[in-house]
Amino acid sequence: MIAVLKKETTDRQIHDLTEWLESMGLKVHLSRGDYATIVGLVGDTSNIDRELLESLDIVESVKTISEPFKKANRKFHPEDTVVEVGGTGGTGEGGSEGRSEGGSTVGCVKVGGGNFAVMAGPCSVESRDQIEEVAQAVKDAGALILRGGAFKPRTSPYDFQGLKDEGIELLEHARAHTGLPIVTEIMNPNHLPMFENVDLIQVGARNMQNFELLKELGKINKPILLKRGMANTIKEWLMSAEYIMAGGNENIILCERGIRTFETYTRNTLDLSAIPVLKELTHLPVIVDPSHATGVARYVKPMALAAAAAGADGLMIEVHNNPSKALCDGAQSLTPEQFADVMKGVNKIREVMK
Ligand code: PEP
Ligand code: MN
């Protein structure tokens, strides 16, 4: 809410008004111009009697500025949110700790607020050997979370659709061996019971505005990785985060994965400027997926480095033990060796950024 004060208002009157507004729990921002003083009110203005404020002698006009997204808005939550993935899943004070599973300790990975996390793995889980080999390789290179699609949103119904529940089980096996928490994509709210042991649930670009799915994810107590829709604005993306948060689940990581433009040399166009824009607008962590953004393995490293330099809180990168044989997205998948090289570069950038 904004109140514009009349030109002749004295300092004493401004002081009294400010005190009154602050006594109602609001933050007051004053902006004094030559012709008017503007009083910006931040906080829950629902208790303010707008007519009463408007009727004051010193007030010229009152305007209500409604923020379309509230829970995701940095204005109302200035500190960075740190999302915890894996571990015991505790969200209370002190957060979660590592938990033991199959002889390994599943790490508690923090994302946001200065905590940088790389998620890596194949586009799709294809077999037990494949996911376990890739999981070990990305872990050795420094990834903190294992990715792998079990339900695949494919453009063609004739393409490999994923191993579904078996894919999730294979991810769980790989987690038990490596201790890496797992992230995988959900496409249908009816599948939620299958995701009970998944550490981070991904909403893919194609489902960013599947509002019924978002509402269901708002009811659970598990972190969500919300990818940007391929033709969605930042505001629409934040409104989708708001859908999940409005239901009570505030553990959301945003993932920029490129948007559709007229360009055809890359699969999408990576909107790196979304990082500083989001850092201003929201307290939620922001990561970047340079694999789906470019669609070409050799472009992944430069974009990963650029994302780290632009202030991303992490990366999601596709890695396959044999990209030329991958059942999905082989052209953009890195070999474990290429991924290790990207990690070295990213660590150097992070060092410089300190
Ligand atoms: C994926 O990460 O496997 C995926 C399908 O990505 P996107 O939703 O960004 O296309
Ligand atoms: Mn993919």
Side-chain angles (χ1 to χ4, degrees), residues 85 117-126 130-131 134-135 138 143 145-157 159-164 167-168 170-171 182-188 191 195 198-210 213-214 217 223-232 234 236-237 240-241 252-261 266-272 274 286-297 299-300 303-304 307 312 314-335 338-339:
V85 180
V118 177
M119 314 177 185
C123 180
S124 339
V125 180
E126 297 171 8
Q130 175 241 19
I131 193 65
V134 177
V138 299
I145 298 174
L146 174 65
R147 69 147 282 148
F151 290 90
K152 293 305 303 173
R154 302 305 299 277
T155 301
S156 166
D159 285 341
F160 176 58
Q161 304 285 309
L163 294 181
K164 307 187 176 75
I168 296 182
L170 294 178
L171 281 167
I182 53 177
V183 54
T184 194
E185 176 170 353
I186 191 165
M187 296 202 289
N188 182 337
H191 292 166
F195 285 70
V198 170
D199 302 291
L200 174 62
I201 300 182
Q202 174 171 327
V203 175
R206 292 154 192 82
N207 275 306
M208 190 206 85
Q209 286 190 314
N210 179 343
L213 174 63
L214 302 179
L217 296 175
I224 308 296
L225 180 74
L226 180 63
K227 292 188 122 186
R228 181 178 185 176
M230 56 184 91
N232 286 111
I234 292 173
E236 287 163 343
W237 188 9
S240 289
I252 300 172
I253 301 169
L254 300 167
C255 179
E256 163 62 42
R257 45 78 74 207
I259 47 176
R260 275 275 167 88
T261 67
T266 49
R267 184 174 178 183
N268 292 289
T269 296
L270 180 56
D271 180 10
L272 277 181
V286 184
I287 71 161
V288 168
D289 170 352
S291 306
H292 291 90
T294 60
V296 181
Y299 302 150
V300 169
M303 291 298 96
L315 295 165
M316 172 175 258
I317 296 180
E318 286 189 343
V319 179
H320 197 283
N321 49 348
N322 190 352
S324 62
K325 295 266 166 59
L327 296 182
C328 182
D329 287 352
Q332 68 194 34
S333 298
L334 303 185
T335 62
Q338 288 167 331
F339 176 67

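Because the structure is a prediction, the values reported are computed rather than measured. Order of listing sets the numbers, starting from 1, for every ligand and every atom in it.
Shown here are the side chain to side chain contact (heavy atoms under 4.5 Å, CB included) partners of Ser333, two or more places apart in sequence or in another chain: Glu318, His320, Pro323. With sequence neighbours excluded, the residues that form a side chain to side chain contact (heavy atoms under 4.5 Å, CB included) with Ala304 are Pro290, Leu315, Ile317, Val342, Val346.
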Show me the short polar-atom pairs for ligand 1: any N or O of it lying under 3.5 Å from a protein N or O, with distances only.
residue	atom	partner	partner atom	Å
ligand 1	2 (O)	Arg147	NH1	2.7
ligand 1	2 (O)	Gln202	NE2	2.9
ligand 1	2 (O)	Lys227	NZ	2.8
ligand 1	3 (O)	Arg147	NH1	3.4
ligand 1	3 (O)	Arg147	NH2	2.9
ligand 1	3 (O)	Lys152	NZ	2.9
ligand 1	6 (O)	Lys227	NZ	2.9
ligand 1	8 (O)	Ala205	N	2.7
ligand 1	9 (O)	Lys227	NZ	2.9
ligand 1	9 (O)	Arg257	NE	2.6
ligand 1	10 (O)	Arg206	NH1	2.9
ligand 1	10 (O)	Arg257	NH2	2.8

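Here the OG-CD1 distance, from Ser240 to Ile224, works out to 12.5 Å after rounding to the nearest 0.5 Å. The CE atom of Met230 sits 12.5 Å away from atom OG1 of Thr261, with the distance rounded to the nearest 0.5 Å. Atom CH2 of residue Trp237 and atom CD of residue Glu256 lie 5.0 Å apart, to the nearest 0.5 angstrom. In this structure, the separation between CD1 on Ile186 and CG on Leu225 is 13.0 Å, given to the nearest 0.5 Å.
For the pairing with Asp289, the side-chain hydrogen bond (donor to acceptor under 3.5 Å, both in side chains) check across Lys227, Arg228, Arg257 returns one residue only, Lys227.
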Point to revise | Verdict with supporting geometry, Asn322 and Ser324, side chain to side chain contact (heavy atoms under 4.5 Å, CB included) | key: CA-CA 6 Å; Asn322 190 352; Ser324 62; 3.2 Å; yes
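Distance alone, capped at 3.5 Å, is enough to place a donor-acceptor pair between the Arg147 side chain and the Cys123 backbone.
The tally of protein N/O/S atoms under 2.8 Å from the Mn ion (ligand 2) stands at 4.
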